[in-house]
Amino acid sequence: MSVSANRHERGRPIISRHAAIEPTSHAEIKLICGLNVPGAVSGGSAANFFVSFLRFVVNFTPPIGMKDERKTLEQREQMTDLERLRHSASHVLATAILKIWPEAQFAAGPPVENGFYYDVDLPHRISPDDFEKIEAEMKKEIKANHPFERIEVSRDEALQLGKKGRLAGLGERAEPSKFKLDIIENIPPDEKISLYRNGDFIDLCAGPHVMRTGNIGAFKLTTVASAYYKGDEKNPQLQRVYGTAFKTKKELDDYFAMLEEAKKRDHRKLGKELELFVLDDDVGPGLPMFLPRGAAIAEELEKLAKETEFAAGYQRVRTPDIARESLYKKSGHLPYYAESMFPPMELEDKLPSLSRPAGFQPAEEEGGQAARAPSQAGSLTSDRYYLRAMNCPHHHKLFAALPRSYRELPLRLAEYGTDYRYEKSGELFGLMRVRSLHMNDAHIYCTPEQFADEFNAVNEMYLKYFKLFGIEKYLMRFSTHDPARLGQKFVDEPELWRQTEEMTRNVLKNSGINYVEVPNEAAFYGPKIDVQVWSVIGREFTLATNQVDFAQPRRLELVYKDRDNTGKTPICIHRAPLGTHERFIGFLIEHYAGNFPLWLSPEQVRILTIGDDAKLIEYARSIVRELRAHQVRAEIDDSSDKINGKVQRAEQLKVHTMFVIGKRDLDADAVSVRVHGRGNLGAKPRSESIAEILQAIKERRP
RNA sequence: GCCGACGUAGCUCAGCUGGUAGAGCAGCGGUUUCGUAAACCGCAGGUCACGGGUUCGAAUCCCGUCGUCGGCUCCA
């Protein structure tokens, strides 16, 4: 799978306005964390959280198409009641902060998905320890029940007030309201400027607000973080105080209860409890290791992919995890992607005076980037190797390895390739964002005529998987190019762009897939589809990508002989429906809350013996032998614990099926079946129970 | 990468304003022979992330490093 270069095209990432439409490729799957918990979930205990949540997820439409413009007044008027309340809460927050630190300077204070924040510039570092104090002031302001008063002013009046420090202040101050003045500059000349006042606090604000501060029923400050003014790292860093607010105390309590419930599903927590994977400091950050129980899941996914792909006409290949620099120079990745790759290994065996110490350190003196820059040492014979960050160049080389005829196309090369990406430390996140990954990758080389069928088949595969895993909420983001930027951001092949986009669009339309079109976010080499999914606890991320590439095959001079005996360049489709093991397993853990279906379950069957009679133990062992002979992951618990203890341990590990066997079962050649989450299902003949297990696994029953 | 919080036994956590480091679970050794979510007794287990500093004395205070987590989109 290759990489969209657009993030690096202008030297810095292109960040769109909303997380839901951030340009992503599989390569740099940007994980959007935070919980998309519905603001307006009504009542209910933690128990119905997931019901509420699912309802929310189903109804949720990502705000596609939000552009770089400011919110219009019309859009503001559409703020929900809850958003108004939270917006007002942010003003109350600012009021409270000013009562304690009158010199505070405020920037923006909007409602957000799960609450509100206000960005503040203040020499004092606000810490959670300050929250109590701030909340106390907020409560006073709410109790005072001041009205939110809208005041329209001329631009000049607004500027005068800003210069006197009166905007986002309790009174006039020595320092001007610098951020507010900057904001006024950006208000279109034809737009009215308004202030909102509650008590002594006056803020530049377009509204809308609730009627009075007393309407803010319940609130709580949650966290403090830093944020750049206007999100630009060139701007000063501000302190962002987050909080949330609801109409009633009960709703607030429910919200925190939901967060607690969500935490229980967190893949990092479950991964530890269920012994699925570990991260070890000595191995390195972002380099997860799968324990046997987690590896079992990975193996099942691989088996699924191999079977599915084999049936779909893919051929498996195997390629190394490293390659010479020259490969990435030719493929065109290096300039775009070097900073996301681990620094190269330098092989300097041919050097005469090598005095490298045993603990060889790669050159990092000049900020690490030095090591990644092309070699300047002209006189030295050195060789650089990179750990690969993507598999496509290797696969392209396999395409090129043999003379290719149109008769061989489409050629579909698949590999569970291991890649290494030097993700920035702050972006690492459990299994979801890592530095070593195993990708369900394949590259399809085809002719333009074959493209639509191939692309459609890939999408069909996605849908098949979604169905299998019960993924109901997904969105395909179809990223297209901007013709005005051909030759700059996008390769200058107008006809190929037109054709592939048209073909892709038709495939999407005809298949009834849930998709949106996002202009100007294609990869430099072709249109792409990112698949976005929502885990049940509201994490949203790009799971997979499907990209059209008509540029790399040319760069690497891939050709096939066509009917007319001329050499032609194939179109390449990069696809990874199951994404990476790391991310997909992380997703599945949260999706299933660790309660995996039988076929995926790390431990499918556990035999629990009642007592340790020798005959009973031998009976248990014979069942395990039979199951294992059929490739079932079965274990036996013949410890000296009482049966209740064995049951509890198996339940806590979320073992899918338990066979409880005692003397009664031994005598009847039966097993008592207990299924995780469903309790005791009673005794059944041994052969029948085993047959059912085998059947459920074979069908990959949910 | 930047800002902030955090880092105590395998796990979950306690350890006040500096004075010999604790519990439960897991592990190990016994005893127990139990029919569906924890039988009992005992033992062992920690350079309090790492490195410096302050101090008579540091898990505790200060500095640095590493790691983890939360943010770093939605503007008045």
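Letters go in sequence order (proteins before strands), and every chain restarts at 1.
- A cation-pi arrangement is absent between A:R674 and A:F659 under the rule of less than 6.0 angstrom and at most 45 degrees off the ring axis.
- Remark: the A:T223 side chain and the B:G70 base include no donor-acceptor N/O pair separated by less than 3.5 Å.
- Under the side chain to side chain donor-acceptor pair (under 3.5 Å) criterion, A:D203 pairs with A:Y118, A:K180, sequence neighbours left out.
- Using atom P as the reference point in both B:G18 and B:C56, the two lie 15 Å apart (nearest Å).
- When rounded to the nearest whole Å, the span between CG of A:D119 and C1' of B:G71 equals 11 Å.
- Distance A:F116 CZ to B:C74 P: 16 Å, rounded to the nearest Å.
- Here A:E273 pairs with A:K269 under the salt bridge (Lys or Arg N to Asp or Glu O under 4.0 Å) rule; sequence neighbours left out.
- Only the C1' atoms considered, B:U20 is 30 Å distant from B:C66, to the nearest whole Å.
- Under the Watson-Crick or G-U wobble criterion, with both distances below 3.5 Å, B:G70 is paired with B:C3.
- Protein atom CE of A:M658 is 14 Å distant from nucleotide atom C1' of B:G35, rounded to whole Å.
- When heavy atoms are screened at a 4.0 angstrom cut-off, A:R268 is found touching the sugar-phosphate backbone but no base atom.
- Using atom C1' as the reference point in both B:G7 and B:C43, the two lie 29 Å apart (nearest Å).
- The nucleotide B:G45 finds no pairing partner, because no Watson-Crick or G-U wobble arrangement with both distances shorter than 3.5 Å includes it.
- Among the protein residues, A:F659 comes within range of no part of the nucleic acid, since none of its heavy atoms lies under 4.0 Å from any strand.
- More than 12 non-hydrogen atoms from other residues, nucleotides or ligands lie less than 6.0 angstrom from NZ of A:K133.
- A close approach under 4.0 Å does not occur between any side-chain nitrogen or oxygen of A:Y229 and OP1 or OP2 of B:C72.
- Remark: A:H676 pairs with A:N595, A:E651 by the side chain to side chain donor-acceptor pair (under 3.5 Å) rule, at least two apart or across chains.
- Comparing atom distances between the A:Y242 side chain and each of B:G71, B:G70, B:G35 picks out B:G71 as nearest.
- The distance between atom CD1 of A:I183 and atom C1' of B:C75, rounded to the nearest whole Å, is 6 Å.
- Atom CZ in A:R435 sits about 13 Å away from atom C1' in B:U68, given to the nearest Å.
- Judged by the 6.0 Å and 45° rule, A:R240 forms a cation-pi pair with A:Y117.
- Computed from coordinates, the A:D280 CG to B:C66 P distance equals 17 Å when rounded to whole Å.
- The gap from the P atom of B:G42 to that of B:G10 amounts to 23 Å, rounded to the nearest Å.
- Pairing partner, B:U54: none, since no Watson-Crick or wobble contact has both distances short of 3.5 Å.
- Nucleic acid contact for A:G430: sugar-phosphate only, since backbone atoms but no base atoms lie under 4.0 Å from a heavy atom of the residue.
- For A:E157, the side chain to side chain donor-acceptor pair (under 3.5 Å) criterion is met by A:S154, not counting sequence neighbours.
- Between B:G46 and B:G22, the two P atoms lie 13 Å apart (nearest whole Å).
- Nucleic acid contact for A:T222: none, since no nucleic acid atom lies under 4.0 Å from a heavy atom of the residue.
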Between side-chain atoms of residues 277-294 of chain A and protein atoms elsewhere (two or more places apart, or another chain), which donor-acceptor pairs fall under 3.5 Å?
unit_1, atom_1, unit_2, atom_2, d
A:D280, OD1, A:D282, N, 2.7
A:D280, OD1, A:V283, N, 3.4
A:R293, NH1, A:E603, OE1, 3.1
A:R293, NH2, A:E603, OE1, 2.9

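- With sequence neighbours excluded, the residues that form a side chain to side chain donor-acceptor pair (under 3.5 Å) with A:R686 are A:S622, A:E626.
- For B:C75, the OP1/OP2 oxygens have no side-chain nitrogen or oxygen of A:R240 closer than 4.0 Å.
- The aromatic rings of A:Y196 and A:H209 lie tilted to each other, with the angle between the two planes from 30° to 60°.
- Taking the P atoms as reference points, B:C69 lies 24 Å from B:U60, given to the whole Å.
- Looking at the side chain of A:D612, the nearest of the listed nucleotides B:C69, B:U33, B:G35 is B:U33.
- Side-chain proximity of A:V647 to the nucleotides B:A37, B:U68, B:C74 is greatest for B:A37.
- For the residue pair A:S672/A:D665, the side-chain donor-acceptor check at 3.5 Å is satisfied.
- The distance from atom CG of A:L608 to atom C1' of B:A37 is 11 Å, rounded to the nearest whole Å.
- Both distances falling under 3.5 Å, in either a Watson-Crick or a G-U wobble arrangement, place B:C13 opposite B:G22.
- Of the P atoms belonging to B:A9 and B:A23, the separation is 14 Å, rounded to the nearest Å.
- Per the geometry, CG belonging to A:D282 stands 12 Å off P belonging to B:U68, to the nearest Å.
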Any N/O pairs under 3.5 Å between the protein and nucleotides 2-13 of chain B? List them or say none.
unit_1, atom_1, unit_2, atom_2, d
B:C2, O2', A:Q237, OE1, 2.7
B:C2, O2', A:Q237, NE2, 2.7
B:C3, O4', A:Q237, OE1, 3.4
B:G4, OP1, A:R125, NE, 3.2
B:U12, OP1, A:K272, NZ, 3.4

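- A search for salt bridge (Lys or Arg N to Asp or Glu O under 4.0 Å) contacts involving A:E172 returns A:K164, not counting sequence neighbours.
- Between the C1' atoms of B:A26 and B:G67, the separation comes to 25 Å (whole Å).
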Nucleotides 38-41 of chain B: which of its N/O atoms have a protein N/O under 3.5 Å away?
unit_1, atom_1, unit_2, atom_2, d
B:A38, N7, A:Q648, NE2, 3.1

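- Remark: B:A37 base-pairs with no nucleotide in the shown strands. Criterion, Watson-Crick or G-U wobble with two distances under 3.5 Å.
- Under the Watson-Crick and G-U wobble criteria, each requiring two contacts below 3.5 Å, nucleotide B:A59 is left unpaired.
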